Structure formats: C-alpha cells, structure tokens
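Note that the structure is a prediction, hence the values are computed from the model and not measured.
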Amino acid sequence: MFSQVVIQVPHPDDPPPPPSLKTIPIPEPANLGEFVRDREAAIRLGKALFWDMQVGSDGVTACGSCHFTSGMSDNRSRNSLSPGLKRITRTGQPNPDTTFYNNLGPVGEVTSTDYPFFPRSNDVLSSQGVRRSVFVGVGLGPADITRAEPDPNGFRVGSVNTRCVEPRNTPTVINAVFNHRQFWDGRADNVFNGVNSLGDRDPNARVYRADDPNRPIPVQVRLEDSSLASQAVSPPVDPCEMSAVGRTMRDIGKKFARWAPPGQPVFNLRPLALQQVHPQDSVLGPLSRWPQKGLAVPDYATLIRQAFHRQWWDSPKILRVAPDGTTTVVDPPASGGLHANEFSLMQYNFALFFGLAIQLYEATLVADDTPFDRFMEGDSTALSPQAQFGLNLFKSQLRGQCITCHEGAELTGASVRQVRASPIRIREGQAMDRGFNAIGVLPTLQDLGLGARDELGNWLSMAKRLIPPPPEPIVVDGAFKVPGLRNVELTAPYFHNGGHRTLRDVVDFYSRGGDSHTGMVTLDGTEIVTLEVFTFTEDEMQALEAFLRSLTDERVRYKRAPFDHPQIFIPNGVGQPVGFMPGDRFVEIPAVGRYGGAPTRPFLEPANGAS
C-alpha cells in the first residue's frame, strides 16, 4: 500500500513539469509540397506500405511485422534472441559473439526466468526478420526470387536457416515523428536525401526529376525534419530485417510498380493482397474489399500517382544502372520487359515515395491524450496523488533527475526541438550529442552505438563530425538515443537490448545506477560518466511507476484511430506453417478499425508473447 510519508518534492530548484505534448507542433519539411501533391493520398499510400507483407523479400514480412502490438513495438519471445553481434575489440574491430544465451539457440523461447539478461549475457531480445538469402530477381508473386545462403551469425538449425533477429530491440514508431534522428544509434538522418538513410552523409545520393517527361535529369533532394523517411527506407533493404542480400529500393519499386511496353499486360500486385482491411479503418476503410483481402485499387502505381507530383514518376524513358552505380537515360524496349538493371522513373524513385509516404503516415501516430497531458492542461483529477508524487520525483534535481534526459513535452532530449536548440550537450566536462547517453545497459565494447561509423565511414555522432571539436572530451561510445516515454507501459521489453522485462525492473535499474559499472569507457580510454546511484525507497519506486503508467494514451492501448491497422500475420518461431512459409509458425493479428479492439497481451503473458 502506497504511503505519502516522504513527499519532499517539489524543491525550489526543480524545473517545472513538462507541458502537454499538444503544445508542440509536429515537425515537417518545409519543402514537402515540392513532392507531395495530395497529403491524404500519401498517408493512404504510407499506411498500406507500412503494413503490407509483400514488401519483404519473402513476401510475408512487413514494416508492421515488428510494430504489431498496442504500443506498436514487438513483444515476441520465441525466435527473438540475437547473440552479441555488435561486440567489438579494444581497437574497434568487429568481434561478434554468436553464442546464444542460456543455450536457447536461434529458435528458443525466452521466459521470465531468463531476466535480467545482463550481466549473465550480452544477448538482445529483438525482432525476427527474414531468412538469409541472396536476391536473384523480382518474381510474379509477392516473394522475390532468392537463393538461400548459410547465415553467418548463427541463425541456423542444422543446415537450415532460421529467421534472423535484429541486434537491437525494436522501438515504437508512436511519437517517433518528434525525434531528430531515428534508430537507437541515430543513423537515420534528420535530412532525407530521397535514396537512403544517410542524409547529407551521402553526397552522391540522387533521384531523377522529369519536368520534361522525355528528359529526366538527376537531382539532389534535401528534406529536413524527415528522419522518419530516412528510417523507413533502411529495413526493406536490410538482409536481416526484410530483404535478401543485394536487393535495392529500386528493385522493390520494380516489384510494386511493374512496367510493360504500351499495350502489353502488367501483372501487378494488389496493395495488401494477403491481408484484410477493416471497413472502418480510419485511413484505408473507403478502399477496403472486406471480407476479401486487399484494397480496391489495382496497384501501388495508382496510389503513387495520386500522392506525388508527376515530375517524379512520369516519363517514357528508362534509367539504366551500371555496375559502378552510374545511370544513363535510354529509350524503352519495343517489346518484352526490362533488364535487371533497368528501371522506369517510378521504379527508380521508389525510395522517395516509400520514405515520404511512410513518414506522413507515421506523423499521424501521435499519442498526446494521456492522463499526464490532461493534468498539464488543467485537469487536476487526471493524476492520482501517487502519480503526482512520481512526477515530482521525475523532475527532482535531488532525487530522480529523470527530466535531465527525458526533457521537454516530448520527454526526450533527442527531439527535433531540443536538438535544434542545442545539438551538443556538455555534462560534467564531457561532450556528447544532445539526446544520446551511455547509461550502463551494457559495457561499451558490447555495442558502440552512436560512437560507430556508417557504411561510408562517416561518424554517426554529430559531436565527432563538428569542426572544430569542443574542448571537452567527446564521449559518445556506447551512447544510445533517449526514447520518449509515452506508452512506455505498453512497449516491454526495455532498453536497446530488450534486457529488462517490466517497468519495475526499469525503475530498479535507475535506482542502482545501471547494470554495467565497469567497462564504460571510450575506445581512447576516457571513463564515461553514467548514472548516479539513487537507491529509491519503495514508496518512490511505486510512485515513479505510477507516473510512467500515467503516460499511456488509452487510444493506443485499445488500437483506436489513428492506431488501428490492417490484418497481419507475423512469424513466431518454428512450427506448423499456416498458409505461408514451410517451417514457420504464424500468428494472426486481426484487422482493427477506428473504434479499436482488444489490447495486446503484455510481454511474456502468455509465454508466446503474441495475441
């Protein structure tokens, strides 16, 4: 039973509580209108693409396959363990650990007795993606033509590949629109270049524009505050998440926007052809064919034409890509199809459409109607006395200090607003990227996080890219993005390794100052300042947990609009196949309309983790 004996806060030096999220405008690129001709059409396209199982190389893996719970995260526990693949040596060289925790193997099932992971293991509880394969070409059906190859990271049983599991836990996409950068390590840039996740870090990224349909030309595009678009184009070509090795976004464009010479038949894939769409879906309902599957439009090309200006997709010319990546504009063939290295303008620019459409859809996923938000809007009854005590602890500079990192209405220093105001933060004589911290989840050598480089060799850290650098030592090795906290009750397991099971476990983690109290050093030997040990009392722990639960938007819990979604079948380990791929056990997540449905069962309740 909670007692209010030790309510010693607020203190005069404490900051005010964060305001309601409703006070914060949704970030958006100023030049969006140069690309999008119809916002609502683009949102329809984005929602369809996000949930469509046909996007994956295997024809059954969608973006939504890892974001299917009420909190739009992932709570599977079978075939969801990844070994310490991000481990490195003292010199920064890759040193992946492919041994699975507790002999669970790649298809084992994690239970509550396996928690907490660390210090017993460096494994990660994350999301299963595709089986390892090599892209051969686009087929006629939902699945690509692929060739299996042995998985190098241990996702095999005997001679058969199992589904690969990502090396970091899946964060929610709800309220992600407020983030300045995406992914735990911030590698999805604030600037979208129309091609990949690198933003300005890839100076060679180009799309084609056809103001004159007969003369498409390469152009560089730059959309700020578009990290959601940068993020969206990464998983579809990742060989662990959704793609066979070697597939490009242009190849997905060839799959979804098929081409044939005039007068010849085109075998298009119907949007969401494998899934039911609820007739009361808040976005796609008018296009539902319920109870039949798919949308009442013939193809994605139609949806693209409705959403985007024609100079980005309308040209009779063909773009031929050489092995070195150079592109030439050629005339289309008089008969037959395109070669593997030839693309229509719509196919070539598919990453642009995919990224911006999903960004506009995800920008609607804003949870700002929590009890806490209503309390800050003036409803004094919205928070219980216990939750109010937790709020005071949360912002206390003497006890919780949570607000130091979970700052502003967005409850994260990684927001567009906070980073734009001050991209570099100095803490106790150490320089770091605003909104990223090393808090002692794992030792630094287990995962460099923000301290790593991208595939082109650029630093992910803004502090490391600054010229000149700040005078303080830069401590970004082992740092990860500070997540926003709304709906945190619904997004277990927690942290970038999924290594903690409940909110109480998280509060305990902060009470003891993290799990890793050794090994928190940069590669150059600088000791990293991590968390302070607070040793919260039982009353304080209960109050903090009550406050965290007050950050739940009931629309999210019950999947009410805008958090409703089409039907989706998610792989959940090895078992009897259910109409899709041999060797896979699939779980149906039914279609939900604007009025919502049953909430997802909490993580590990029941043990299979899916509802």
Under 3.5 Å donor-acceptor, [X] side chain and [Y] backbone:
{"X": "Arg147", "Y": "Val136", "result": "no"}
{"X": "Asp454", "Y": "Gly457", "result": "yes"}
{"X": "Arg417", "Y": "Pro27", "result": "no"}
{"X": "Ser82", "Y": "Leu125", "result": "no"}
{"X": "His67", "Y": "Ile174", "result": "no"}
{"X": "Ser315", "Y": "Pro213", "result": "yes"}
{"X": "Asp584", "Y": "Phe586", "result": "no"}

### Message
Among residues at least two apart in sequence or on other chains, which ones pass salt bridge (charged side-chain N to carboxylate O under 4.0 Å, His left out) with Asp314?
### Response
Arg310

### Task
Identify, with sequence neighbours excluded, every residue that meets salt bridge (charged side-chain N to carboxylate O under 4.0 Å, His left out) alongside Asp324.
none

Would you call [X] and [Y] a salt bridge, using N to O less than 4.0 angstrom?
{"X": "Asp58", "Y": "Arg131", "value": "no"}
{"X": "Lys464", "Y": "Asp477", "value": "yes"}
{"X": "Glu224", "Y": "Arg222", "value": "yes"}

Looking at [X] and [Y], what are the two nearest heavy atoms and their distance?
{"X": "Phe50", "Y": "Ala62", "result": "O-CB, 3.8 Å"}
{"X": "Leu345", "Y": "Ala210", "result": "CD2-CB, 3.8 Å"}
{"X": "Trp290", "Y": "Ala591", "result": "CZ3-CB, 4.1 Å"}
{"X": "Phe350", "Y": "Gly253", "result": "CG-CA, 3.4 Å"}
{"X": "Arg163", "Y": "Gly129", "result": "NH1-O, 2.7 Å"}
{"X": "Asp189", "Y": "Asp200", "result": "OD2-N, 4.3 Å"}

Do [X] and [Y] have side-chain N/O donor and acceptor atoms under 3.5 Å apart?
{"X": "Asn190", "Y": "Asp225", "value": "yes"}
{"X": "Asn169", "Y": "Ser126", "value": "no"}
{"X": "Asn161", "Y": "Arg156", "value": "yes"}
{"X": "Arg320", "Y": "Thr328", "value": "no"}
{"X": "Trp312", "Y": "Tyr348", "value": "no"}
{"X": "Asn572", "Y": "Asn79", "value": "no"}
{"X": "Arg76", "Y": "Ser80", "value": "no"}

Can you run down the side-chain hydrogen bond (donor to acceptor under 3.5 Å, both in side chains) pairs that involve [range], sequence neighbours left out, and say none if there aren't any?
{"range": "residues 172-184", "result": "Asn179-Gln182, Arg181-Asp433, Gln182-Ser227"}
{"range": "residues 32-44", "result": "Glu28-Arg39"}
{"range": "residues 256-280", "result": "Asn268-Asp299"}

### More than 12 heavy atoms of other groups within 6.0 Å of Arg420 CZ
yes

Nearest 0.5 Å, please: how far is [atom2] in [Y] from [atom1] in [X]?
{"X": "Asp52", "Y": "Leu272", "atom1": "CG", "atom2": "CG", "result": "4.5 Å"}
{"X": "Phe155", "Y": "Gln128", "atom1": "CZ", "atom2": "CD", "result": "10.5 Å"}
{"X": "Phe353", "Y": "Ile304", "atom1": "CZ", "atom2": "CD1", "result": "5.5 Å"}
{"X": "Ile252", "Y": "Asp144", "atom1": "CD1", "atom2": "CG", "result": "7.5 Å"}
{"X": "Leu466", "Y": "Ile424", "atom1": "CG", "atom2": "CD1", "result": "4.5 Å"}
{"X": "Met72", "Y": "Lys559", "atom1": "CE", "atom2": "NZ", "result": "9.0 Å"}

### Query
Among all residues two or more places apart in sequence or in another chain, which pass the side chain to side chain contact (heavy atoms under 4.5 Å, CB included) test with Val160?
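Partners of Val160 under the side chain to side chain contact (heavy atoms under 4.5 Å, CB included) test: none.
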
Tell me, do [X] and [Y] make a side-chain contact under 4.5 Å, heavy atoms counted?
{"X": "Leu319", "Y": "Glu342", "result": "no"}
{"X": "Gln359", "Y": "Glu362", "result": "no"}
{"X": "Arg87", "Y": "Asp447", "result": "no"}
{"X": "Val221", "Y": "Phe192", "result": "no"}
{"X": "Ile568", "Y": "Met53", "result": "yes"}
{"X": "Leu450", "Y": "Ser461", "result": "yes"}
{"X": "Phe354", "Y": "Val55", "result": "yes"}
{"X": "Pro235", "Y": "Met242", "result": "yes"}

### Query
With Phe436, which residues qualify under ring pair (Phe, Tyr, Trp, His ring centres under 6.0 Å), at least two apart?
none

### Task
Please identify each residue that fulfils ring pair (Phe, Tyr, Trp, His ring centres under 6.0 Å) with Phe256, with sequence neighbours left out.
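Phe256: ring pair (Phe, Tyr, Trp, His ring centres under 6.0 Å) contacts with Tyr300.
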
### Query
Can you name the side-chain hydrogen bond (donor to acceptor under 3.5 Å, both in side chains) partners of Thr170, sequence neighbours left out?
Ser127

### Query
Would Ser282 and Asp564 satisfy side chain to side chain donor-acceptor pair (under 3.5 Å), going step by step from the backbone distance to the final call?
CA-CA 7 Å; Ser282 60; Asp564 54 330; 2.8 Å; yes

### Task
Please lay out, stage by stage, how Arg250 and Gln347 fare under the test side chain to side chain donor-acceptor pair (under 3.5 Å).
CA-CA 5 Å; Arg250 295 188 294 264; Gln347 293 169 351; over 6 Å; no

### Message
One pair to check against ring-ring contact (aromatic ring centres under 6.0 Å, His included): Trp313 and Phe308. What are the steps and the verdict?
### Response
CA-CA 8 Å; Trp313 51 260; Phe308 289 91; 9.6 Å; no

### Query
What disulfide bond (SG atoms under 2.5 Å apart) pairs are there with at least one residue in residues 299-363, not counting sequence neighbours?
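Output for this query is empty, none listed.
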
### Task
Sequence neighbours left out, what pairs pass disulfide bond (SG atoms under 2.5 Å apart) with at least one residue falling in residues 257-311?
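Every pair satisfying disulfide bond (SG atoms under 2.5 Å apart) with a residue in residues 257-311: there are none.
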
### Message
If the condition is disulfide bond (SG atoms under 2.5 Å apart), which residues does Cys240 pass it with, not counting sequence neighbours?
### Response
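With sequence neighbours excluded, Cys240 shows a disulfide bond (SG atoms under 2.5 Å apart) to Cys164, given in chain and number order.
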
### Message
Ring of Phe343, cation from Lys254 - is the NZ or CZ under 6.0 Å from the centre and inside 45° of the axis?
### Response
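Lys254 over Phe343 ring: yes.
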
